[in-house]
Q: 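Please read through the structure below; I'll follow up with questions.
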Protein chains: 2
Amino acid sequence: MAISEKTERALLDLGLTSYEIKTYSALVQYGPMTAINISKQSNVPYSKVYDVLSSLERKGWIETDHNRPSKFYPKPPSTSLETMRMKIDADRKKNETQVISELFPLFEKRGSKERPDIWIVRGQFNILTKLKEMLESCTTELMVATPLVLDAIIDLAAPLMMTLKSKGVRIRVMCTENAGENHLKSISKWGEIRVRSQMFAGGAISDSREVLILLGADEPSSAVAIWADHPSLANFATNYFQYLWNDSKPYSRSSA
Amino acid sequence: MAISEKTERALLDLGLTSYEIKTYSALVQYGPMTAINISKQSNVPYSKVYDVLSSLERKGWIETDHNRPSKFYPKPPSTSLETMRMKIDADRKKNETQVISELFPLFEKRGSKERPDIWIVRGQFNILTKLKEMLESCTTELMVATPLVLDAIIDLAAPLMMTLKSKGVRIRVMCTENAGENHLKSISKWGEIRVRSQMFAGGAISDSREVLILLGADEPSSAVAIWADHPSLANFATNYFQYLWNDSKPYSRSSA
DNA sequence: CATAATTACCACTGTTGGTGGTGCGGATTA
DNA sequence: TAATCCGCACCACCAACAGTGGTAATTATG
């Protein structure tokens, strides 16, 4: 057998067909070959090999001299992936500007005032987006409680947090004791940290006004959160956070 | 009618179905609505509306209160696009690391020495990738001749060029007189420029050793280039470039 | 409380585009 | 002429989607 099922899945997701995967992985494993040998090694019908090869060349995964018989050379996976990313990003950017230029004016005209002030937000990515919205409008104070520290959140938040800090926003983060040392360190660059042994739900409070409460789920895709702009809910959450905060141990860096 | 064909195409490319497009654009145009009204405005069969709406919510294009009747709210297009980008990038990163971790060792083991030293490179993106490879291995001297200045190239090249310059590489760029002032200015940040009235083909020469010759085409996707590591071809190209260079006018910034 | 109206949702069918799979035939070279 | 190279044409299959039917749940109304 050729490559692991996981890698095959990954390549499929990246937009290769199963023939293309067989062909490329054969080239990578056994080195440059002619079409015939590729067909033998990869079990791709010979009459399809040229379709597949030209498609792979177009997509940037292989190169070919144009001799007779042609030999085909795999590019390094890193190069292929980068070419692919360039192509996709370029296409997407074009689409995005097109969409924004036409739809955003319509959206703005309506105004978005009719939005209610409490929402159920479903799905990890929607939650992250909401969180980002919150961070962008935060001006004086941010409180975060998180039972588990998600890489995704750190990645997303870090740059925004830095700018927040430079604007003088007080940032407090509370996590559980099992959080990784690395995460804590990177957080401590922009916020105060306290740790506690147990925590039941996560959340964020911005300016004691906006609240996001995370209701964890087994799968990230089915995660649910409540976002609210209600003063009362915000007050309640703020109070509760204060209580927990006072009941938690300050975290001090090993280097401090 | 609702939105332009171009935007519809763009949204399709971004992964929405035609029902989803109708639904979302109706929401953007007429503001938040209930399912029934959405069905009427968008001409999506009522019995399908909930499927479509929940799919749109999952993808991050709309939000909903969960009342009876539910009202549905479009998110700003910019937000939707960003959520989408986050999701795609995350998936892709996972796939990429998986692929690299498994395939790159195989690739390295074979070594890529068997590669011939002259190549036909097809397609704009493959050419750009090749160019990047050249830039990365360039150590002392770079010559570029370009009849038309492509934004894509500038974008790609600028950061690399800066590092090249800081490593002491001499960079010379030759273009035609009709090149835009902006482009020339940004190029002049990292290289010497000369302009001439006419030029028939573009190309790049790195360290008088590696050559890339551009054979223009009508469509960018069918562009073709020749890349070579042949000393003789490189010498010929270098000579020719020198001749053209001496025959061209230096470009001086208006601000200089 | 019973009934009608509305809302929310489910199940099925036909179509379509893309891919896997197979055969053939023209072109090129020895 | 024979063998190999290259590519086209075709069919079967599958997943995703447009489109159509209907049913359960909830709410309004007499």
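The chains referred to below are lettered A, B, ... by the order of the sequence lines, with proteins before strands, and numbering in each begins at 1.
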Q: Want to settle it: does A:Asn43 or B:Tyr50 sit nearer the 5' end of DNA chain C, counting the closest nucleotide to each?
A: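 Taking each residue's closest nucleotide, the earlier one in sequence belongs to B:Tyr50.
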Q: In whole angstroms, how far is the C1' atom of C:dG20 from the CD atom of A:Glu8?
A: 14 Å
Q: Salt bridge check: are B:Arg122 and A:Glu63 linked by an N-O gap of less than 4.0 Å?
A: no
Q: May I ask you to decide if B:Ser4's main-chain N or O and A:Glu102's side chain share a donor-acceptor pair within less than 3.5 Å?
A: yes
Q: Mark yes or no for whether A:Ser39, through its side chain, and A:Ala35, through its backbone, hold a donor-acceptor pair below 3.5 Å.
A: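 No, the answer is negative, given that no donor and acceptor are paired below the 3.5 Å cut-off.
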Q: Roughly, in whole Å, what's the span from NZ in A:Lys48 to P in C:dG18?
A: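 Value for this atom pair: 13 Å.
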Q: Want to settle it: does A:Pro45 or A:Gly15 sit nearer the 5' end of DNA chain C, counting the closest nucleotide to each?
A: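 Final value for this comparison: A:Gly15.
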Q: Between C:dA8 atom P and B:Met33 atom CE, what is the distance in whole Å?
A: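 Answer to the nearest Å: 14 Å.
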Q: With no hydrogens and no angle check, is any side-chain donor or acceptor of A:Thr129 less than 3.5 Å from a backbone partner on B:Thr83?
A: no
Q: Nearest whole Å is fine: how far is D:dC8 C1' from A:Tyr46 OH?
A: 14 Å
Q: Consider the side chain of A:Ser70, meaning its heavy atoms from C-beta on, and name the nucleotide among D:dT20, D:dC6, D:dA18 that approaches it most closely.
A: D:dC6
Q: Assign B:Pro69 to base, sugar-phosphate, or nothing according to its heavy-atom contacts below 4.0 angstrom with the strands shown.
A: sugar-phosphate
Q: In whole Å, what is the span from the NZ atom of B:Lys71 to the P atom of C:dA8?
A: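 Going from NZ in B:Lys71 over to P in C:dA8 covers 13 Å.
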Q: Between C1' on C:dC9 and CD on B:Glu57, what's the gap in Å once rounded to a whole number?
A: 15 Å
Q: Find the distance A:Lys22:NZ to C:dT19:C1' and express it as a whole number of Å.
A: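 Value for this atom pair: 12 Å.
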Q: Once you round it to whole Å, what is the distance between P of D:dC6 and CD1 of A:Ile38?
A: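 Rounded to the whole Å, the gap is 11 Å.
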Q: Looking only at the side chains, is there a donor atom on one of A:Asp65 and A:Tyr73 sitting less than 3.5 Å from an acceptor on the other?
A: yes
Q: What contact category does A:Ser47 fall into here, base, sugar-phosphate, or nothing, at under 4.0 angstrom with non-hydrogen atoms?
A: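 It contacts base atoms.
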Q: Is the phosphate of D:dC17, meaning OP1 or OP2, less than 4.0 Å from a side-chain N or O of B:Thr17?
A: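 No, B:Thr17 has no side-chain N/O under 4.0 Å of OP1/OP2 on D:dC17.
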Q: Need one value for B:Thr34: base, sugar-phosphate or nothing, where a base atom within 4.0 Å counts as base even if backbone is also close, heavy atoms only.
A: nothing
